[in-house]
Amino acid sequence: MPDLIHVRYSATGESTSVDAMGMREMQARCYGARAAQYILLKAPPASGKSRALMFIALDKLQNQGLKKAIIAVPERSIGGSFDNTALSKHGFFADWNVLPEHNLCTPGGDKGKVAAFKKFLEGSGRVLICTHATLRFAFDELASSAFDGCLLAIDEFHHVSGNQDSRLGELVRGVMSGSRAHLVAMTGSYFRGDSQPVLLPEDEAKFTGVTYNYYEQLNGYEHLKSLGIGYHFYQGRYLTAVGDVLNTDQKTILHIPHVRAGESTKDKHGEVDAILDLIGTVEFTDPATGILHVKRAHDGKIIKVADLVDDDPVRRDRVISYLRRIERPEDVDLIIALGMAKEGFDWKFCEHALTIGYRGSLTEVIQIIGRCTRDSVGKTHAQFTNLIAKPDAKDADVAVSVNNMLKAITCSLLMEQVLAPVIKFKPKMEGEDTPPGELRIRGLKGAATDRVKKIIEQDINDLKAAILGDASVAKGITGAVDPEVLNKVLIPKVIETRYPQLTEEEREQVRQHVVVDAALRAGEIEVQGGKKFIRMAGQFINIDDLSIDLIDSINPFQRAYEILSKEVNAPTLKVIQDCIAATRVQMTDEEALLLWPKVKLFVKEKGREPNINASDPLEQRMASALIYIKKVRQQRGK
């Protein structure tokens, strides 16, 4: 199946070049907010968040009166990102140093490290590295005021939740309300796989946000020029299909499914052995590194494989230690993992992230994609491939398969929004010239209040994640939802749920901007005869004719449906549509009223009423609307 997404980048080198203080573009942007008590940094994997934190922490320790910096990471392996770093040789005023006794990302239980954590707070040490778990255990034994005079930095901040049952979320709220501590929250993926916000709105409002988007990062690389995101569907066992998408000439991270997932054979070690057999014959295992040397079947080339599925802690630590030290492309060719090699894992030579089975968390997908989007000499393209079970009408779990497919494609649509270039647009005023590189939309409402501006400027991708994560919206991928219903009924409901404090007028301003942004980013701009056109949902539209009414009539997911319908055979597509029809959202008055003019037009043009069993999903929906309207009229005696 072709890529659902293929984004090209300009390789400007801007995101990786450094200034006179040794800072990248993102790090300098973050350093500019260093005086704030609470900083929330959203930046992609490989953008340099760890070093950005070092710059901020050293300034707070030396120039802002703070005494200590505590950095918490989700797992021990990520602690290495904060090892000693000679920042001064690149122009900064100090170096980053962590004493060995203050690095708690070492083997051993987290509870047993609480004493060392307390000793650090009481002593003269300045920087401590620990896991989220160690921080939680220590917090349970300390008053919030113990963090006075400290900078608390939480890496991979999406592990926090606003849910009252989240211990890490409770810790953050406790530190903010009960101490004078400073906080830096960092994440490469602010989206959560569940419905819980990372921070409660009233807490997040206290943070100074610094955002460096994915397009800025990837477009500013020196070598990487394109990124593809695609899907390959299979029936039966995935091991019969993985050979079709695994290319051992590419540096690849292969994530096998969790043992509880439907795609799993429930024998993870057997799956690794089967994948190795697909490649060729295991010649030997290097005793020093734990790396498997596999002789490729078709040409005898030795493929170096790192097995991170192996449960033996000694062997796995040996492999992880080796992977941290690799400096050449030839040091490893394939990494097979299950729950590892995602967050904070840096293998810059990786070209292909191959994931088996649907991943329920958008955060996890973004982290996996981030494994292959590092910049590296000789790497011009990065690829993410998701191998997913194809829905089968004979399968008892067909509804699960359909749901997984739709969610995976929905995730791609969001990634397209995140990874594509930002398109600037504003309301179109009569007689006003349009600046180069900007689009003007007739009828578009401006952002009239500060909170609307903040949502549009800082939170629009988070809002899209919530919208695309909505089950009713996801059905729009198959064309089963009328575009106006999608844009004017379903999307506003998500906005209202996420931002209940907004007025009706503010919600409409946000709605228009998120719909326009989604439609434009999914479109393709072309120049014909000196005029610019944008292709959206199969239509070529003169940019000068863009209006909010026109955009509201377009399904921004249409292109995904077109690709899906071309690449999935007719019986499979019918299985998908039938499954959706069986679980269709209940009709509302709003949707019925919007569809009623379309129903009348259909009857006039076709000479018949829409058929509930039609192959066209929109005709099915119009038929549902007609049934609903007749039922309501009957109930009201009209």
Side-chain angles (χ1 to χ4, degrees), residues 7-18 22-27 43-54 73 75 77-83 85-86 90 155-156 186-189 212 214-229 246-255 289 291 303-306 308 319-337 340-355 365-385 415 419:
V7 186
R8 293 193 176 278
Y9 301 103
S10 300
T12 66
E14 292 176 359
S15 64
T16 52
S17 60
V18 298
M23 297 183 190
R24 295 182 186 176
E25 184 179 43
M26 181 282 288
Q27 294 160 349
S47 59
K49 292 186 295 296
S50 301
R51 189 161 294 194
L53 184 276
M54 295 178 191
V73 297
E75 58 183 59
S77 62
I78 301 177
S81 300
F82 297 95
D83 286 344
T85 305
H90 301 293
D155 195 19
E156 307 296 354
M186 304 186 298
T187 178
S189 172
Y212 193 71
Y214 282 74
Y215 183 78
E216 287 179 292
Q217 172 71 6
L218 273 62
N219 196 59
Y221 278 156
E222 184 179 354
H223 307 285
L224 188 67
K225 292 182 173 64
S226 62
L227 169 65
I229 297 179
L246 175 59
N247 179 359
T248 51
D249 284 325
Q250 295 179 319
K251 304 298 181 182
T252 303
I253 294 180
L254 193 164
H255 282 100
T289 65
I291 297 298
I303 303 299
K304 296 180 181 179
V305 181
L308 293 179
V319 173
I320 291 172
S321 177
Y322 173 76
L323 292 177
R324 285 180 184 165
R325 300 193 308 270
I326 58 177
E327 296 180 353
R328 305 172 302 166
E330 59 267 30
D331 289 337
V332 70
D333 299 295
L334 171 66
I335 297 174
I336 305 175
M340 302 185 71
K342 295 175 186 175
E343 291 179 337
F345 182 83
D346 187 7
W347 181 28
K348 66 181 181 180
F349 305 115
C350 178
E351 301 167 273
H352 189 194
L354 172 56
T355 300
V365 173
I366 291 177
Q367 292 288 356
I368 291 172
I369 291 173
R371 297 319 101 200
C372 67
T373 54
R374 264 68 174 171
D375 201 28
S376 176
V377 174
K379 183 171 78 174
T380 59
H381 179 73
Q383 181 70 38
F384 169 74
T385 303
M415 291 310 299
L419 295 164

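This is a predicted model, so every value here is computed, not measured.
Atom CD1 of Ile336 sits about 11.5 Å away from atom CD1 of Ile253, to the nearest 0.5 Å. The CG atom of Leu354 lies 6.0 Å from the OG1 atom of Thr385; values are rounded to the nearest 0.5 Å. One distance of note links CD of Glu222 with OG of Ser17; it measures 9.5 Å at 0.5 Å rounding. We find the OH-OG distance between Tyr215 and Ser15 to be 11.5 Å, quoted to the nearest 0.5 Å. A distance of 7.5 Å separates CZ of Arg51 from CZ of Arg24, quoted to the nearest 0.5 Å. Separation of atoms OG1 (Thr16) and CG (Asp375) is listed at 6.0 Å; rounding is to 0.5 Å.
The local environment of CD in Glu330 is crowded, with over 12 non-hydrogen atoms from other residues, nucleotides or ligands closer than 6.0 Å. Shown here is Arg324, whose CZ atom has more than 12 heavy atoms of other residues, nucleotides or ligands within 6.0 Å.
Taking 4.5 Å as the limit, every side-chain heavy atom of Glu14 sits out of range of all side-chain heavy atoms of Glu216. A 4.5 Å side-chain heavy-atom check between Asn247 and Thr252 finds every atom pair outside the cut-off. In this structure the side chain of Met23 never reaches within 4.5 angstrom of the side chain of Val18, judged on heavy atoms. Within the 4.5 Å cutoff, side-chain heavy atoms of Glu25 are placed close to those of Tyr212. Counting only heavy atoms from C-beta outward, the side chains of Thr248 and Asp333 never approach each other to under 4.5 Å. For the pair Thr373/Phe384, no side-chain contact is recorded, criterion being any heavy-atom separation below 4.5 Å from C-beta on. Put simply, the side chain of Phe82 reaches to within 4.5 Å of the side chain of Leu53, judged on heavy atoms. Residues Leu334 and Leu246 have side chains in contact (heavy-atom distance under 4.5 Å, counting atoms from C-beta outward).
Nearest heavy-atom pair, Lys251 versus Phe349, reported as atom, atom and distance to 0.1 Å: CB-O, 3.3 Å. Among all heavy-atom pairs drawn from His381 and Ser226, the shortest one is ND1-OG, 2.6 Å. In this structure, Arg374 and Lys348 approach most closely via the heavy-atom pair CB-CA, 3.5 Å. Across all non-hydrogen atoms, the minimal contact from Ala382 to Leu224 is N-CD1, 3.6 Å. Nearest heavy-atom pair, Glu351 versus Lys379, reported as atom, atom and distance to 0.1 Å: CG-CD, 3.8 Å. Nearest heavy atoms, His352 versus Cys372: N-CB, 4.1 Å.
In this structure, Tyr9 contributes its side chain and Leu227 its backbone to no donor-acceptor pair below 3.5 Å. Of the possible donor and acceptor atoms, none in the side chain of Thr380 sits under 3.5 Å from a partner among the backbone N and O of Gly378. Judged purely by atom type and a 3.5 angstrom limit, Gln27 uses its side chain to pair as donor or acceptor with the backbone of Gly48. Side-chain atoms of Lys49 come within 3.5 Å of backbone atoms of Ala43 as a donor-acceptor pair (strictly under, hydrogens ignored).
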Query raised in the report: Should Leu323 and Trp347 be marked as a side-chain contact (heavy atoms from CB on, under 4.5 Å) after you check the CA-CA gap, both sets of side-chain angles, and the distance that decides it?
Result: CA-CA 8 Å; Leu323 292 177; Trp347 181 28; over 6 Å; no

Query raised in the report: Taking it one step at a time, do Ile320 and Leu308 satisfy side-chain contact (heavy atoms from CB on, under 4.5 Å)?
Result: CA-CA 8 Å; Ile320 291 172; Leu308 293 179; 3.9 Å; yes

Query raised in the report: Should Ile368 and His255 be marked as a side-chain contact (heavy atoms from CB on, under 4.5 Å) after you check the CA-CA gap, both sets of side-chain angles, and the distance that decides it?
Result: CA-CA 9 Å; Ile368 291 172; His255 282 100; 4.1 Å; yes

